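Inspection log for the structure reproduced underneath, given as structure tokens.
Nothing here was measured: the structure is a model prediction, and the numbers come from that model. One-based numbering, in listed order, for ligands and for the atoms of each.
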Amino acid sequence: MARVTRFAPSPTGPLHLGHAYAALVAAERGDRFLLRIEDIDTARSKPEWEAAILDDLAWLGLRWETPVMRQSDRLPAYRAALDRLTGLGLTYACTCTRGDIRAALSAPQEGATVMGPDGPVYPGTCRSKGHASGAVRLDMAAAMRRLGTVTFTDSGTSPGPHSFDGPTLCREVGDIVLARKDIGTSYHLAVVVDDAAQGITEVTRGEDLFEATAIHVVLQRLLDLPTPAYHHHRLIRDEAGKRLAKRDDARALANYRAEGLSPQDIRQMIGL
Ligand code: GLU
Ligand code: ZN
């Protein structure tokens with residue numbers, strides 16, 4: 001079977017060395033290599049960044065299939081997936097602000113706050129409130145009663161099969177947001193719907209997203225979508241050992257290009 005991989009940048013800043021590594025790993029591991037522009041965060045995404053990203057990727061020597069998928073074109077598909085989860089009785093509307101969540105978590109009867117993939121694990125305040133609108137959350141306990149356990153395999157930095165049961169996911173992940181009120185979806189829902197639509201057989205991405213993968217497998221199972229293989233790779237770090245972030249503009253590929261470095265130099269810098 002042809003291996004289909006993808007690189008899924010958000011056009012919210014320049015590509016830096018960490019993105020170059022992620023893109024090169026994905027391209028190398030795929031017989032077919034696809035691109036997806038993750039631009040659902042319309043406030044932060046800019047067409048200029050998208051153009052710059054494509055230009056940097058081509059300069060690195062990468063070629064990808066067209067047309068490129070753009071998440072801002074896919075809102076109806078996310079809506080349909082969300083409606084399906086709601087039809088299964090697995091969602092509820094949440095009207096909490098970040099401040100409400102902080103306050104609920106600091107109440108005396110709450111134990112220590114657990115940090116999940118999206119920040120502090122939501123305490124479930126709105127689960128039984130029956131709000132008519134708001135952000136839409138997944139009722140993780142109900143979802144896992146349906147599924148039992150979920151499993152994925154990683155061929156990257158944590159090799160092997162990884163299984164998660166309901167109590168673990170309720171404690172460590174909780175009722176994640178499926179759809180923000182403003183954009184009607186979330187990273188988790190969009191990525192699951194799109195990886196299936198693009199026929200991705202192996203998701204390659206940084207090990208910082210390892211915890212999010214458990215969420216994605218839950219959503220795949222609930223939506224009857226295939227679970228791809230996963231390859232979580234190491235992160236590129238700066239001299240101090242800190243992972244590179246979008247704000248590390250000094251390590252933007254564009255700067256190295258301007259200094260006259262070659263794609264081969266870049267590969268060497270990131271250990272390829
Ligand atoms: N858009 C995500 C990022 O820029 C990619 C996440 C993924 O590969 O699933 O980090
Ligand atoms: Zn709430």
I'd like to know if the side chain of Ser10 and the backbone of Thr12 have a donor-acceptor N/O pair within less than 3.5 Å. no

Among the heavy atoms of His19, does any lie under 4.0 Å from an atom of ligand 1?
no

Leu209 heavy atoms within 4.0 Å reach ligand 1 at atoms 6 (C), 7 (C)

Closest to atom 8 (O) of ligand 1 by heavy-atom distance, out of Arg36, His216, Arg6, His188, is Arg6

Check: Measuring to the Zn ion (ligand 2), does His131 have an N/O/S atom at a distance below 2.8 Å?
Finding: no

Partner of Ser163 under side chain to side chain donor-acceptor pair (under 3.5 Å), picked from Thr168, Thr151, Thr149, is Thr151

Taking the Zn ion (ligand 2) as the apex, SG on Cys94 and SG on Cys96 give an angle, to 10°, of 120°

Donor on one side chain, acceptor on other, Arg6 and Gln198, under 3.5 Å: no

Q: Mark yes or no: Arg127 above the aromatic ring of Tyr122, with NZ or CZ under 6.0 Å from the six-membered ring centre and no more than 45 degrees from the axis.
A: no

Sorted by chain and residue number, the ring-ring contact (aromatic ring centres under 6.0 Å, His included) partners of Phe164 (sequence neighbours excluded) come out as Phe152

Within 4.0 Å of some non-hydrogen atom of Arg205, the atoms of ligand 1 are 7 (C), 8 (O), 9 (O)

If we number the atoms of ligand 1 from 1 as shown, the ones under 4.0 Å from a heavy atom of Glu38 are 1 (N), 2 (C), 5 (C), 6 (C)

Atoms of ligand 1 under 4.0 Å from any heavy atom of Val191, numbered from 1 in the order shown, are 9 (O)

Q.
If you count heavy atoms of other groups shown closer than 6.0 angstrom to CZ of Arg102, is the number above 12?
A. no

Tyr187 heavy atoms within 4.0 Å reach ligand 1 at atoms 6 (C), 7 (C), 9 (O)

Here the ring-ring contact (aromatic ring centres under 6.0 Å, His included) pairs for residues 166-193, sequence neighbours left out, are Tyr187-His216, His188-His216

query: Below 3.5 angstrom, do we get any N/O pair linking Thr204 and ligand 1?
result: no

Atoms of ligand 1 under 4.0 Å from any heavy atom of Ala8, numbered from 1 in the order shown, are 1 (N), 2 (C), 3 (C), 4 (O), 5 (C)

Test salt bridge (Lys or Arg N to Asp or Glu O under 4.0 Å) on Asp55 and Arg257; report intermediate values, then the result. CA-CA 11 Å; Asp55 188 60; Arg257 287 177 68 178; 2.9 Å; yes

Q.
Counting backbone and side-chain atoms alike, is an N, O or S atom of Tyr122 positioned under 2.8 Å from the Zn ion (ligand 2)?
A. yes

